[in-house]
Amino acid sequence: MKVLAILYNGFKAAKAEPRLLGTVENELGLRAYLESQGHEYIVTSSKEGPDSDFQKHIADTDILITTPFHPGYLTKELMAKAKNLKVCVTAGVGSDHVDLNAAVDRKIQVLEVSGSNVVSVAEQVMMSILLLVRNFVPAHEQAISGNWQVSDIARNAFDLEGKVVGTLGAGRIGHRVLQRLVPFNTKELLYFDYKGLPKEAEQAVGARRVEDLKEFVSQCDVVTVNAPLHEGTKGLINKDLLQHFKPGAWLVNTARGAICNADDVAAALKSGQLRGYAGDVWNQQPAPADHPWRSMRNPLGGGNGMTPHYSGTTLDAQTRYAEGTKQILQNYFEGKPQDPGNVIVGVGKIESASYGQR
Ligand code: NAI
């Protein structure tokens, strides 16, 4: 079979650090295994436009491996050209870069390594909440630029203790974020999700479910977004919803950039309606140099905690998603059942309950 992997370039770093498995150079550690089984393995980062390796090779690829960090966007049109494609594997979590409805129609399975980087992201969420609430970035900028003016930083720095924090999406990551927030003595922990947490889990973290989205955001000092991108979440956080946020709230989005309207978020930060926005996911990746989220600031010059998409690709996470990808391939080649938690689209059917109520 022909296996095509779209990964990001690691260049010098990947040559020096073999644990950067999710790079073009290190090929998810799969080459020896795949070739020993007689399969052809193509690995590339070239993914945009009709002349890209992605679009050229997809025509006769049997198995496509992608990552959310450098997403190969498998549209309905591209899928129509992919005559041999049977399986798409996401090395990581989040398969929104694949048109899931088209995959259902074409009976292409979509599998991901569920859980592989959920701790990595939950830790990033904690870091992002703290760096916004405590106004870390402008303080750090003073440290490295030679300045020292405490009042300029302290005027917008707060404690997390006593605040209301809510997660939009309370699945694997959202639940882990709630668990990690417990020792911070917040005023309240809230969540919004069409699936309730199991009662014991809800009680253990002491979280309250809010069923109306506007009511949910209006009660939170901090909102963290931990839901997949799908028809029901695309552009969900826009000008209209932002008006219902508490004035001066902080928003953290490590889920998917397109869940937020980029211009509306930048405007809300500029006006002070949002005090801060942090995350690592963008509506276009790599993000263009002039993307508004690179330079946006609140009226006091801070509040931007953006990074490139890396929270789920720590070295620990890469080990887990590379191993998980191999396991999925092995199961497929040997005709063994897949772990049900990894199946987003089965043959002709969306199996995951996380991609919207259907
Ligand atoms: P999960 O499937 O365990 O949980 C997702 C939760 O979101 C589910 O409980 C689902 O019911 C809920 N949800 C779906 N639509 C919703 C809506 N409209 N409103 C409220 N809740 C909704 O997924 P997991 O593992 O927690 O990951 C969540 C997302 O985080 C992934 O789909 C991916 O997009 C993102 N992610 C980002 C990473 C990064 O590196 N920044 C790495 C891993 C995941």
Side-chain angles (χ1 to χ4, degrees), residues 8 22 66-71 90-98 100 110-128 166-180 190-198 201-202 207 209-217 220 223-237 241 252-260 278-283 285 287 305-318 320-321 324 339-345 350-358:
Y8 59 87
T66 53
T67 76
F69 311 104
H70 182 72
T90 301
V93 173
S95 300
D96 50 277
H97 54 285
V98 176
L100 301 180
V110 182
L111 304 159
E112 66 184 34
V113 191
S114 292
S116 56
N117 51 17
V118 296
V119 165
S120 323
V121 179
E123 289 185 1
Q124 182 97 5
V125 173
M126 292 307 304
M127 177 182 84
S128 304
T167 176
L168 195 168
R172 295 175 183 88
I173 296 172
H175 178 220
R176 281 167 177 77
V177 170
L178 292 172
Q179 287 176 317
R180 282 157 179 74
L190 306 179
Y191 75 97
F192 173 82
D193 193 319
Y194 54 78
K195 281 193 283 183
L197 279 168
E202 192 178 276
R209 183 179 181 187
V210 182
E211 301 212 9
D212 179 83
L213 181 58
K214 287 179 183 154
E215 242 178 68
F216 166 75
V217 297
C220 294
V223 173
T224 153
V225 184
N226 298 295
L229 175 64
H230 55 77
E231 296 91 331
T233 54
K234 189 166 184 194
L236 185 63
I237 300 184
L241 189 65
V252 170
N253 175 15
T254 51
R256 283 296 175 264
I259 295 174
C260 295
D280 66 329
V281 286
W282 305 69
N283 56 347
Q285 293 188 187
M306 291 306 296
T307 68
H309 189 172
Y310 85 116
S311 63
T313 187
T314 58
L315 294 182
D316 301 295
Q318 297 200 34
R320 292 189 294 263
Y321 67 66
D339 176 341
N342 288 345
V343 184
I344 306 302
V345 178
I350 296 206
E351 296 285 356
S352 167
S354 292
Y355 283 80
Q357 288 166 295
R358 288 162 199 272

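When reading the values below, keep in mind they use all heavy atoms of this one structure, side chains included, and skip hydrogens, waters and symmetry mates. Counting starts at 1 for both ligands and their atoms, following the listed order.
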Worksheet item: Is Tyr310 in polar range of ligand 1, meaning some N or O pair under 3.5 Å apart?
Response: no
Worksheet entry | Structural part of Asp280 in contact with ligand 1, heavy atom criterion under 4.0 angstrom | side chain
Worksheet, complete the sentence: re atom 38 (C) of ligand 1, the protein heavy-atom contact at minimum distance is Val121 CG2, 3.5 Å
Worksheet item: Any idea which protein heavy atom is nearest atom 31 (C) of ligand 1, and the distance to it?
Response: Val93 CG1, 3.9 Å
Item to complete: Considering only non-hydrogen protein atoms, determine which one is nearest to atom 15 (N) of ligand 1 and report residue, atom name and distance to 0.1 Å.
Response: His230 NE2, 2.8 Å
Practice prompt. Please check if any side-chain donor atom of Tyr321 sits under 3.5 Å from a side-chain acceptor atom of Thr313, or the reverse.
Written response: yes
Worksheet item: What is the closest protein heavy atom to atom 16 (C) of ligand 1, and at what distance does it sit?
Response: Tyr194 CE2, 3.4 Å
Worksheet entry | Selection from Arg172, Lys234, Gln357 by shortest heavy-atom distance to atom 23 (O) of ligand 1 | Arg172
Fill in: ligand 1 atoms in contact with Phe192 (distance to a heavy atom under 4.0 Å)
19 (N), 20 (C), 21 (N)
Practice prompt. Could you find the nearest protein heavy atom to atom 26 (O) of ligand 1 and give me its residue, atom name and distance?
Written response: Ile173 N, 2.8 Å
Practice prompt. Could you pull out the closest heavy-atom pair between Phe216 and Leu168, with the gap in Å?
Written response: CZ-N, 3.9 Å
Fill in: Asp96, Val125, Thr233, Thr67: member with heavy atom nearest to atom 18 (N) of ligand 1
Thr233
Worksheet item: Should you measure from each heavy atom of Ser311, which atoms of ligand 1 turn up under 4.0 Å away?
Response: 39 (C), 40 (O), 41 (N)
Practice prompt. Would you check if there is a donor-acceptor pair between the side chains of Arg320 and Ser120 at a distance under 3.5 Å?
Written response: yes
Worksheet, complete the sentence: If we number the atoms of ligand 1 from 1 as shown, the ones under 4.0 Å from a heavy atom of Leu168 are 19 (N), 20 (C)
Worksheet item: So do Thr314 and Asn117 actually touch side chain to side chain, heavy atoms under 4.5 Å?
Response: no
Item to complete: Tell me which protein heavy atom sits closest to atom 4 (O) of ligand 1, plus the residue, atom name and distance to 0.1 Å.
Response: Gly171 CA, 3.2 Å
Discussion item. Working note: Val119 + Arg180, criterion side-chain contact (heavy atoms from CB on, under 4.5 Å); need CA distance, chi angles, decisive distance, verdict.
Written reply: CA-CA 10 Å; Val119 165; Arg180 282 157 179 74; 3.9 Å; yes
Worksheet item: Under 4.0 Å from any heavy atom of Val118, which atoms of ligand 1 are there?
Response: 25 (O)
Worksheet item: In terms of residue, atom name and distance, what is the protein heavy atom nearest to atom 12 (C) of ligand 1?
Response: Asp193 OD2, 3.2 Å
Worksheet entry | Shortest protein heavy-atom distance from atom 35 (C) of ligand 1, along with the residue and atom involved | Ala255 O, 3.5 Å
Worksheet, complete the sentence: Note: heavy atom closest to atom 37 (C) of ligand 1, options Thr254, Ile259, Thr167, belongs to Thr254
Item to complete: Could you list the atoms of ligand 1 found under 4.0 angstrom from a heavy atom of Asn117?
Response: 42 (C), 43 (C)
Worksheet item: Atoms of ligand 1 less than 4.0 Å from Val281 heavy atoms?
Response: 41 (N)
Worksheet item: Does at least one non-hydrogen atom of Asn226 fall below 4.0 angstrom from an atom of ligand 1?
Response: yes
Worksheet item: When you check the side-chain N and O atoms of Ser95 and Glu112, is any donor under 3.5 Å from an acceptor?
Response: yes
Worksheet item: Non-hydrogen atoms of Gly92 versus ligand 1: any pair closer than 4.0 Å?
Response: no
Worksheet item: Taking the minimum heavy-atom distance to atom 5 (C) of ligand 1, which of Ala258, Gly232, Gly169, Pro228 ranks first?
Response: Pro228
Worksheet item: With a 4.0 Å cut-off on heavy atoms, does Phe69 reach ligand 1?
Response: yes
Worksheet item: Which ligand 1 atoms, with their elements, are less than 4.0 angstrom from a heavy-atom of His309?
Response: 39 (C), 40 (O), 41 (N)
Item to complete: Closest by any non-hydrogen atom to atom 29 (C) of ligand 1: pick that one out of Gly196, Ala227, Ser116, Gly94.
Response: Ala227
Worksheet entry | Numbered atoms and elements of ligand 1 in range of Arg256, under 4.0 angstrom, heavy atoms | 33 (C), 34 (O), 35 (C), 36 (N), 37 (C)
